[in-house]
2 protein chains.
Amino acid sequence: MIYFNNGDELLLVLEALSNPQRLKIIAVLSEGRQYVSHLARELGISRPLLYLHLQKLEEANLVSSDMEILETGQAAKYYQLNDIHFVLNEQLIHDLSKSLSIKRKK
Amino acid sequence: MIYFNNGDELLLVLEALSNPQRLKIIAVLSEGRQYVSHLARELGISRPLLYLHLQKLEEANLVSSDMEILETGQAAKYYQLNDIHFVLNEQLIHDLSKSLSIKRKK
DNA sequence: TACATGTGTTATAAAATACTTACATATGAT
DNA sequence: ATCATATGTAAGTATTTTATAACACATGTA
């Protein structure tokens with residue numbers, strides 16, 4: 001169960017989830033851990049793009065990764081889902097909005 | 001309780017929620033309905049910008065609006081929160097991802 | 001009449017996000 | 001050696017989102 005410490009954390013998760021490719025990534029990973037190149041093929045997107053999306057998911061703590069050696073002897077970076085489960089309602093948004101910052105990113 | 005008919009609907013809601021200004025708007029409206037100009041002052045943002053955000057929230061069915069005549073005799077557009085409450089987890093994302101489209105917007 | 005307060009829109013600029021192309025490195029198999 | 005597969009990243013482009021500025025019109029009040 002995801003617990004949000006503040007509004008910025010909530011926003012980070014919502015931003016990570018507000019993209020169709022990233023939802024697809026989560027859907028695939030919900031069937032089991034997978035390594036980057038395989039994921040890219042399965043989703044039909046380029047590896048650099050996949051990296052970008054995985055990075056956002058990782059920053060929001062929705063996925064995590066481990067390096068592993070494949071049977072072939074090659075290194076592979078495996079991604080897996082963290083526990084994604086939370087309730088969202090107006091009360092929560094109201095409470096967390098006090099610790100939500102409105103800022104430029106760069 | 002929000003029920004998602006398909007992945008695109010889920011995404012629409014997540015996109016609407018993935019912006020700090022819009023979360024603030026929801027937070028303010030959770031304390032009661034309010035009209036646009038008042039909202040803009042309270043949030044410290046311009047009316048055209050507020051319109052943009054309200055439009056996204058309305059498209060996602062998170063808020064709705066009514067025209068009303070103020071005591072002064074002027075027309076005012078009141079916005080109010082719809083019921084915002086849902087659970088999100090990997091199972092739901094997995095199921096809805098099948099009806100989620102990856103597309104350009106314009 | 002001029003001012004303050006509403007709604008509503010268009011055009012434009014700025015910032016952030018998404019995506020592509022090209023490259024570098026490493027391992028094992030043919 | 002060359003091919004196929006893996007990671008990783010830099011740089012440039014395209015698209016989308018966010019924000020601003022400038023209008024239009026209407027009502028009530030000083």
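Residue numbers start from 1 in every chain, and the chains themselves are labelled A, B, ... in the order their sequence lines are given, proteins ahead of strands.
- Among the nucleotides C:dC19, D:dA6, C:dG8, the one closest to the side chain of A:Ala76 is D:dA6.
- At whole-Å resolution of the value, NZ in B:Lys103 and C1' in C:dC19 are 19 Å apart.
- Comparing A:Ala75 and A:Arg22, the nucleotide of DNA chain C nearest to each residue sits closer to the 5' end for A:Arg22.
- For the residue pair A:Asn61 and A:Glu9, no side-chain donor N or O sits within less than 3.5 Å of a side-chain acceptor on the partner.
- Aromatic ring centres of B:Tyr79 and B:Tyr35 lie farther apart than the 6.0 Å criterion allows.
- Picking from D:dA22, D:dA6, D:dT18 the nucleotide with the shortest atom distance to the side chain of A:Leu70 gives D:dA6.
- Distance CG (B:Leu52) to C1' (C:dA15): 14 Å, rounded to an integer number of Å.
- Side chains of A:Glu58 and A:Ser64: a donor-acceptor N/O pair is absent below 3.5 angstrom, by distance only.
- Note on B:Asn19: a side-chain N or O is less than 4.0 Å away from OP1 or OP2 of D:dT18.
- Contact between the side-chain N/O atoms of B:Thr72 and the OP1/OP2 oxygens of D:dT29 is not found at any separation under 4.0 Å.
- One finds a side-chain N or O of B:Tyr51 lying less than 4.0 angstrom from the OP1 or OP2 phosphate oxygen of C:dG8.
- The nucleotide whose nearest atom lies closest to any side-chain atom of A:Gln74 is, among D:dT20, C:dT21, C:dT27, C:dT27.
- Distances shown here put every side-chain N or O of B:His38 at or beyond 4.0 Å from the OP1 or OP2 atom of C:dG6.
- A straight line from CG of A:Leu11 to P of D:dT18 spans 10 Å, rounded to a whole angstrom.
- Connection of B:Tyr78 to B:Ile84 is not established within any shared hydrophobic cluster, with ILVMFWY side chains joined at heavy-atom distances below 4.5 Å, either directly or through further cluster members.
- Closest to the side chain of A:Arg47, from the set D:dT7, D:dT18, C:dT7, is D:dT7.
- In this model, the phosphate group of D:dT5 is not approached by any side-chain N or O of A:Arg41 to a distance below 4.0 Å at OP1 or OP2.
- Nucleotide D:dA6 holds its C1' atom 17 Å from the CD atom of A:Glu42, rounded to whole Å.
- A close approach under 4.0 Å does occur between a side-chain nitrogen or oxygen of B:Gln21 and OP1 or OP2 of D:dA19.
- Under the 4.5 Å side-chain heavy-atom criterion for Ile, Leu, Val, Met, Phe, Trp and Tyr, B:Leu23 and B:Leu88 are members of the same hydrophobic cluster.
- In this structure, B:Glu58 atom CD and C:dG8 atom P are separated by 10 Å, rounded to whole Å.
- In this model, the phosphate group of C:dA18 is not approached by any side-chain N or O of B:Lys105 to a distance below 4.0 Å at OP1 or OP2.
- Per the geometry, OH belonging to A:Tyr35 stands 13 Å off C1' belonging to C:dT27, to the nearest Å.
- Residue contacts for B:Lys56: at a heavy-atom cut-off of 4.0 Å it reaches the sugar-phosphate backbone alone, with no base atom in range.
- Side chain of A:Lys24 to main chain of B:Ser97: a donor-acceptor pair is present (N/O by atom type, distance under 3.5 Å, no hydrogens or angles).
- One interatomic measurement links the two molecules: CG of A:Leu50 to C1' of C:dT17, which rounds to 16 Å at whole-angstrom precision.
- Taking only side-chain nitrogens and oxygens, B:Lys77 never comes nearer than 4.0 Å to OP1 or OP2 of C:dG6.
- Rounded to whole Å, the distance from OH on B:Tyr78 to P on C:dG8 is 14 Å.
- The residue B:Arg104 sits close only to the backbone: its heavy atoms come under 4.0 Å of sugar-phosphate atoms, none of a base.
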